[in-house]
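Excluded from the calculations below are hydrogen atoms, water molecules and symmetry mates; all remaining heavy atoms, backbone and side chain alike, are included.
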Amino acid sequence: MNKLKLDLTNSSLNAESVKQTNQSAVKRFEQSASTYKQKARLQKDTGRLLLKLIDEALVKSQDSKPFPLLMPDFGLDLGCGPGLFTNELAKRCHYLTSSDLSMAMLHSNDNDAGKVCSDSHSLPFQTNSIDWCYSSLMVQWCDFESVVREALRVVKPGGVVAIATLLPGSLFELESAWKEVDSDQHIHQYQTEFELKQTLSSLDFNKLSTSKKDFIYWYKDAMALAKELKSLGANFVKQRSNKGLVSLNKWRDMECNYKRLFFNSEKQALPATYCVQTIVITK
């Protein structure tokens, strides 16, 4: 089996591409590479959901072919991070490529056979060279249209692109608690479902399937949630005005608001909700 060929004329690390990538967000993920796997509850739940959806799409895609393949040749884990699903994805193709912009994340990834440090806005792979692309909880940090266009470019006709991202309403409890403290932005601003679908409507593909699912996790207090977000590198807020540390008084006020508004006496814990959008495209 030949390995996936790189197209270095479309190098993912060219200057124009890197401009589109949020370097501050990348830095956060670099710092969290060693703690990511232990705290990635949402990432694991979402990844399992996306695996099920890509399996269904691949079966339908293969059924439409006159001579279905037993297994696709090339798969791409886009924004792979430390490789939460490397082993599972490797079972779904002959050759898996794990791609991420963070070298620290790639060093934590167990896919020794194929790791590429690349920018998802400008992938270093040949057009129509990949059978499927799997990207879970990465595009919310990127330019959505650029990433999807690139994924569709490198995927073969009839191939599948499976994406999971977050919608507004994610961490609404934390956002509500902060709103009573100040007017600053404390939660990342995710694109709406309408905006995502509007972008997708301008792209060329064969089939599209979307779905939504909420995941709720419980914490003993707001500090436990904040520590988890930091350990995942997911505490970056581009639109936040005050880039420094929050004052102790403001933090205490937020904690009181969170508990007053959302404390569950039965569970003796605070909820944090994530709104996940899945997108499965057949080229």
- Query: For Thr278 and Thr165, what are the C-alpha separation, side-chain angles and deciding distance, and is it a side chain to side chain contact (heavy atoms under 4.5 Å, CB included)?
  - Reply: CA-CA 7 Å; Thr278 62; Thr165 187; over 6 Å; no
- Look at the aromatic rings of Trp132 and Tyr134 and report parallel, tilted or perpendicular, splitting at 30° and 60°. perpendicular
- Query: So, Arg48 and Glu88, do they make that salt bridge, N to O below 4.0 Å?
  - Reply: no
- Query: How many angstroms lie between atom CD of Glu195 and atom CD of Gln198, to the nearest 0.5 angstrom?
  - Reply: 7.5 Å
- Message: For a quick test of reading the model, state the closest non-hydrogen atom pair linking Ser120 to Leu123 and the distance between them.
- Response: CA-CD2, 3.7 Å
- Closest approach of Leu78 to Ser135 (non-hydrogen atoms, all atoms of both residues): O-OG, 3.1 Å
- Distance-only donor-acceptor check, side chains Asp77 and Thr97, under 3.5 Å: no
- Donor + acceptor pair across side chains of Ser136, Thr46 (<3.5 Å): no
- Message: Using modelled atom types and a 3.5 Å cut-off, is there a donor and acceptor pairing between side-chain atoms of Lys115 and backbone atoms of Leu106?
- Response: yes
- Looking only at non-hydrogen atoms, find the nearest pair between Ser211 and Leu53 and report the distance. OG-CD1, 4.1 Å
- Query: Between Glu193 and Lys197, does at least one N-O distance fall below 4.0 Å, as a salt bridge requires?
  - Reply: yes
- Message: Applying side chain to side chain contact (heavy atoms under 4.5 Å, CB included) to Arg92 and Met71, what does each step give before you reach the verdict?
- Response: CA-CA 7 Å; Arg92 290 160 169 81; Met71 182 184 289; over 6 Å; no
- Message: If I take atom SG from residue Cys117 and atom CE from residue Met105, how far apart are they, to the nearest 0.5 angstrom?
- Response: 12.5 Å
- Message: Ignoring hydrogens, what is the shortest heavy-atom contact between Pro168 and Cys275? Give both atom names and the distance.
- Response: O-SG, 4.1 Å
- Message: Atom NZ of residue position Lys156 - does it have more than 12 heavy atoms of other residues, nucleotides or ligands inside 6.0 Å?
- Response: yes
- Message: For a 4.5 angstrom cut-off between non-hydrogen side-chain atoms, does Thr282 reach Phe205?
- Response: no
- Query: Is any side-chain heavy atom of Ile279 less than 4.5 Å from a side-chain heavy atom of Leu200?
  - Reply: yes
- Item | Residues clustering with Ile216 (ILVMFWY side chains joined when closer than 4.5 Å, directly or via others) | Trp218
- Heavy-atom donor-acceptor pair, Asn257 side chain to Ala177 backbone, under 3.5 Å: yes
- Query: What is the minimum heavy-atom distance between Leu225 and Tyr274, and which atoms define it?
  - Reply: CD1-OH, 4.2 Å
- Message: Any side-chain to backbone donor/acceptor pair from Asp131 onto Asp73? Under 3.5 Å, distance only.
- Response: yes
- Answer whether the closest heavy-atom distance between the side chains of Trp178 and Val246 falls below 4.5 Å. yes
- Given the rule in the side chain to side chain contact (heavy atoms under 4.5 Å, CB included) test, do Val147 and Ile163 qualify, once you have shown the distances and angles that lead to the verdict? CA-CA 10 Å; Val147 172; Ile163 293 170; 5.6 Å; no
- Look at the side chain of Glu175 and the backbone N and O of Ile187, then say whether any donor-acceptor pair between them is shorter than 3.5 Å. no
- Item | Test item: Lys283 side-chain N/O and Val155 main-chain N/O as donor-acceptor pair under 3.5 Å | yes
- Take Tyr219 and Tyr258 through the ring-ring contact (aromatic ring centres under 6.0 Å, His included) test and state the conclusion after the steps. CA-CA 11 Å; Tyr219 302 84; Tyr258 206 138; 8.5 Å; no
- Note on the structure: Shortest non-hydrogen pair, Ala164 vs Val276, comes out as CB-CG1, 4.4 Å
- Going through the distances and angles, do Leu152 and Asp204 end up as a side chain to side chain contact (heavy atoms under 4.5 Å, CB included)? CA-CA 9 Å; Leu152 286 171; Asp204 185 25; over 6 Å; no
- Message: Could you measure the distance from the CZ atom of Phe194 to the OG atom of Ser201? Nearest 0.5 Å is fine.
- Response: 8.5 Å
- Exam field: side chain Asn111 to backbone Thr86, donor-acceptor pair closer than 3.5 Å: no
- Message: Please enumerate all residues that pass side-chain hydrogen bond (donor to acceptor under 3.5 Å, both in side chains) together with Ser170, with sequence neighbours excluded.
- Response: none
- Check whether any side-chain heavy atom of Val116 sits under 4.5 Å from a side-chain heavy atom of Pro124, and report yes or no. yes
- Item | Residue pair Gln277 / Thr210, side-chain heavy-atom distance below 4.5 Å | yes
- Any sub-3.5 Å donor-acceptor pair from Arg153's side-chain atoms to Ser122's backbone N or O? no
- So how far is it from His94 NE2 to Phe74 CZ, rounded to the nearest 0.5 Å? 9.5 Å
- Note on the structure: Taken to the nearest 0.5 Å, the spacing of Arg260 CZ from Cys256 SG works out to 9.0 Å
- More than 12 heavy atoms of other groups within 6.0 Å of Lys179 NZ: no
- Query: Any side-chain heavy-atom pair from Pro82 and Asn109 closer than 4.5 angstrom?
  - Reply: no
- Query: Just wondering, are more than 12 heavy atoms of other shown residues or ligands nearer than 6.0 Å to CG in Asp214?
  - Reply: yes
- Query: Say you draw a straight line from CZ of Phe215 to CG of Leu166; how long is it, rounded to the nearest 0.5 Å?
  - Reply: 10.0 Å
- Is there a side-chain contact between Val160 and Val280 (heavy atoms, below 4.5 Å)? yes
- Item | Where at least one partner belongs to residues 262-273, residue pairs that pass side chain to side chain donor-acceptor pair (under 3.5 Å), sequence neighbours excluded | Glu173-Thr273
- Task: Output yes when a side-chain donor or acceptor of Asp221 lies under 3.5 Å from a complementary backbone atom of Glu255, and no otherwise.
- Result: no
- Message: Any non-hydrogen side-chain atom of Glu150 less than 4.5 Å from a side-chain atom of Glu145?
- Response: no
- Determine whether more than 12 heavy atoms belonging to other residues, nucleotides or ligands lie under 6.0 Å from atom CZ of Arg41. yes
- For the side chain of His188 and the backbone of Gln140, is there at least one donor-acceptor N/O pair under 3.5 Å apart? yes
- Message: I'd like to know if the side chain of His121 reaches the main chain of Cys142, judged simply by a donor and an acceptor atom lying under 3.5 Å from each other, with no hydrogens or angles considered.
- Response: no
- Message: Suppose we call two aromatic rings close when their centres sit under 6.0 Å apart. Are Phe172 and Phe262 close by that rule?
- Response: yes
